Structures are given as C-alpha cells and as structure tokens.
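Note that the coordinates shown come from a computational prediction; the quantities given were computed from them, not determined experimentally. Values below: all heavy atoms of this structure, side chains included; hydrogens, waters and symmetry mates excluded. Throughout, protein chains are lettered first and strands after them, A, B, ... in sequence-line order, and every chain is numbered starting at 1.
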Protein chains: 2
Amino acid sequence: MSKGLDKIDFQPVTLRDQVQERMREAIIEGHFKPGERLVERPLCDQLGVSRTVIRETIRYLEAEGLVQIAPNRGPIVSYLYWKEARQIYAIRRMLEMAAAETCAANISKELANSLRAALKHLNDDRKDMSATELYHATSDFYELIFSGAGHDIAWEMVQRLHARISRLRSLTLSTLERKKTGPEHMQVICDAICAGDHQAASQAVAEHLDDVMSVAEKLLADA
Amino acid sequence: MSKGLDKIDFQPVTLRDQVQERMREAIIEGHFKPGERLVERPLCDQLGVSRTVIRETIRYLEAEGLVQIAPNRGPIVSYLYWKEARQIYAIRRMLEMAAAETCAANISKELANSLRAALKHLNDDRKDMSATELYHATSDFYELIFSGAGHDIAWEMVQRLHARISRLRSLTLSTLERKKTGPEHMQVICDAICAGDHQAASQAVAEHLDDVMSVAEKLLADA
DNA sequence: TTTGGTATTATGGTATACCATAATACAAAG
DNA sequence: CTTTGTATTATGGTATACCATAATACCAAA
C-alpha cells in the first residue's frame, strides 16, 4: 500500500487519439487498401469530426509510414513492396533477436511465469479468437520479451514496423493458415528465454523470423 | 538516354514541410530546450503561418518522438534521459553495423569512390564548417553506406533516432571537442568497406559507436 | 498564512471561408 | 472523328474566428 493517495494520472483521451486509433486499425486490417485515397471531407463525415482532427491524424500516420502524400492529390494508404517489406523484416529480426537475448540474460522467476502464462493464453484460446484478438495476444507475448529486456524504444519501433507489414499478415494467415510453425517457434523461444539460454533464444527468434519472411516473400513476388 | 521526355516529378514543397524542417532543426540544435512548451499561437506568429500548419507539424514531430504532449498543457519538447539514449545508441549500433557489413559486401568501384570523396570533403573542409554543415557532411557519408547496402528504411530510422539524441551532440562536441577519434574511426570504416571486408567494416562501426556512446554516458550521469 | 474566488491564458475542438490546382467533362474547331 | 480549349468541380492548402475547459496566477478575505 502506498502512503497517502496515489496521483491520479488521468490522461484525457482526445478525439485525435480515438481517430488515430481507428484509422490505424482500419489501415492495418485492410479496410483501406494500399493506394486508396484518404479524402478528408468524407472522412470527416464518416467519423463525425472536423477536418483539423483528420488532418492531424493523417500527419501522424504519415510519420508512421502508413500514409503517403501524393503531390496535389492528397494522402493515400502507403504501398508496400517486397523491397521494403524485406528490409522491415530484417530490422525486426535484429531488434527481436537482441531483445530475446537480453531478456534471457535478465530472466527472473516472475518474468518466466508471465511469459509462460501469455503463451498458454495464446495456445489455449487460439481457436476462438478473432484475428485482432490473436494479434493482440501475440503482441502481448512479445511485449513481455521487450520489456523484460528493457528495450522499450525498440519495442515501439517494432510495433510500428509491424503495422506497416501487417497487411501482409492477413494474407499469410488466410493463404497458409499459419502453417502451424508459428506456435511451435514461440514455444521454443519461450523455453529458451525461461531457461536463460540467451544464445538459443536469439537463435530461435531468428529462425522464426526467417520462416515468416520466406512465407511473405512468396506472397510478394511482385516489384 | 531515355526515350521521349522524362516525367517531371515536381514535388511542391508545402508550407508544412518547411515548418517541419525548421522546427525539427530548432529542436535538434537546442534552440528549444527539453521540457520547453511549444505554445501554438506564438509559434504561428514567429513562423508566420496558421495554426493548422503548426498543429500538423506538432503531430508529425510527436510521432517522431521529438515532441511530447503533456495532458491539458499541450506540446513540449521531449525530455531525453540516459535510459532512453542508451537504447537508441544500441539500436543505431545494430543498424549501422548491418549497413556497413552489407555495403562492404556489395562494394563497387563507383561506390568506393563516392565514399572516399565524401570522407575527403569532410576532412578537408572540417575547419571552416559550421556545426550544421559538419553534421550534414557526416550524414552524407553515412547515407552512402546505407544506400550502398540498400537499407533505406533503416537509414530513415537511423536519422530519426539520431535526431532524438542529437541534442547530446552539441554537448559532446563542445565538451570533448570531438576527441579527434571520430574522423579516425570514419577513415577505418571507409577503408574496410572499400576493401570489401565486411567483417572489419562491421567491427569498425561497432567500435566507433561504443566510443560515442561512452562519451555520451559520461555526460548523462543523471536519471 | 491559508483559503477561496476570479481573471487570464492556452488548449482542444470546431466551423468556415478562400485560393490554387488537378481532374474531369464538355463544347467548339479542324 | 480527333483535337484543342474552356468551364466545372473536387480537393488540398491556408487562414481565421469561435467556444468550452483546464491550468495557472493573482488577489482578497478569513
């Protein structure tokens, strides 16, 4: 129990935040297709907010890389080519390997339990989870790894990178039905980290991402 | 020679772009101190633009991590603690090592010449360069490495990370007078890459960053 | 000195109005 | 029928004005 009263850190959820969240989700989930124009005034009507809010949101998403500005045409949903996806996977690979390694080195009883719990939750409820729920559950697992490693900035970057390629995820999921190697890999990763074997942890993450990447590559046999 | 006429890809430099550039520079150069409030209307007056532009700019810089939003107080220049700077250096280290390695593996005569030219420019004109010019010249050198490696997304990330810690740069420069190991390290890096020795290149980059990092650490003996 | 109220300020949010440009449609001329 | 020029429309870009709220500072009273 803390002495005195806890500070109330009520952070007001601004309209912007909500709009940002919704538009980001919409892009990630594929409701807006790559190249699709994001015309401001219709968006205002749809979301019931003013143009200012929409425009600020678009600026934010532009910085995140989800939206591009076509000169004299306005914002469009970013295209994603293999050329870029490949780089994104490579960066994620580095960041995740480092996080797993450090996390394994810093492993504690509690952290190990949290990791196992997250994985168990993911495996048990996999069947009756929507795509978004599954995404969040997986994300929770990885977040534990990054926070366990003290790599919160890297975690933020990974999330952003992930958002940019997440439109592929719907494809990979639907076409390959997750190939079932995903969960296995995660189990191996979890075990290695909990055992404090940083080398094995790093290795397991690398293999997992190589796998995911090769699947994605087959799908993007375009530019 | 291309057949017919080249497409003119005139991208209009919008007001936003200019304001973004100027505010980013101002933060990076330390004209705005960490924690300083960025009050919108005075900024409008100073820059001679409308609030809309300022607000959009702030959203963008917020996504970049240079600006934070204090609830019910508005935007402030982000604080920077060693806890975060350390992570940023670590990430940069990974990305730059990878870029140097790949660049060395892909080395060509022309690329080697460009690299050497960039470094020569940097060394020759070092004395009569302003801090910003020196920054840009250094940046040009690294950009060659990243583009030579085909890591343009990583390059973008490195630039952003660099912006966030660049306020330290003014400190490191002024207090240690650049210790003179910087140019030496860059020479080693350049030589290794041009020789196609990817292992040495990667190693040289790592050493350089370890060095920079240790300098920064001494300065940020705070939180 | 502490309490309480008031005035100011900055912000988030909204609504418009205006202009320049790009796309489109359409009409006129060859 | 094709080409050229023009008019319309949609849109992005910019600038202002307005309101409600929260934070702050300041001042007066107990």
Enquirer: By nearest heavy atom, map A:Pro42 and B:Gly48 onto DNA chain D; which one lands nearer the 5' end?
Expert: A:Pro42

Enquirer: For the residue pair B:Leu144 and B:Ala118, what are the closest heavy atoms and their distance?
Expert: CD1-CB, 3.8 Å

Enquirer: Does A:Leu38 reach a base, just sugar-phosphate, or nothing at all? Heavy atoms under 4.0 Å.
Expert: sugar-phosphate

Enquirer: Could you go step by step and tell me if B:Glu62 and B:Arg59 meet the salt bridge (charged side-chain N to carboxylate O under 4.0 Å, His left out) rule?
Expert: CA-CA 5 Å; B:Glu62 181 193 358; B:Arg59 269 347 119 198; 3.2 Å; yes

Enquirer: If you look at every strand shown and take non-hydrogen atoms under 4.0 Å, does A:Arg16 touch a base, only sugar-phosphate, or nothing?
Expert: sugar-phosphate

Enquirer: Hey, which sits more toward the 5' end of DNA chain D by its nearest nucleotide, B:Arg37 or B:Val53?
Expert: B:Val53

Enquirer: For a ring pair (Phe, Tyr, Trp, His ring centres under 6.0 Å) with B:His162, tell me which candidate from B:Tyr89, B:Tyr135, B:Phe146, B:Trp155 qualifies.
Expert: B:Tyr135

Enquirer: Do B:Asp125 and B:His121 pair up side chain to side chain, a donor and an acceptor below 3.5 Å, judged on atom types alone?
Expert: yes

Enquirer: For B:Val39 and B:Thr52, find the nucleotide of DNA chain C closest to each by heavy atoms; which residue's nucleotide sits nearer the 5' end?
Expert: B:Val39

Enquirer: Would you say CZ of A:Arg86 has more than 12 non-hydrogen atoms from neighbouring residues, nucleotides or ligands within 6.0 angstrom?
Expert: no

Enquirer: Above 12 or not: heavy atoms from other molecules or residues under 6.0 Å from CZ of A:Arg22?
Expert: no

Enquirer: When you list every nucleotide of DNA chain D with an atom under 4.0 Å from a heavy atom of chain A, which one comes first 5' to 3', and which comes last?
Expert: D:dT11 to D:dT14

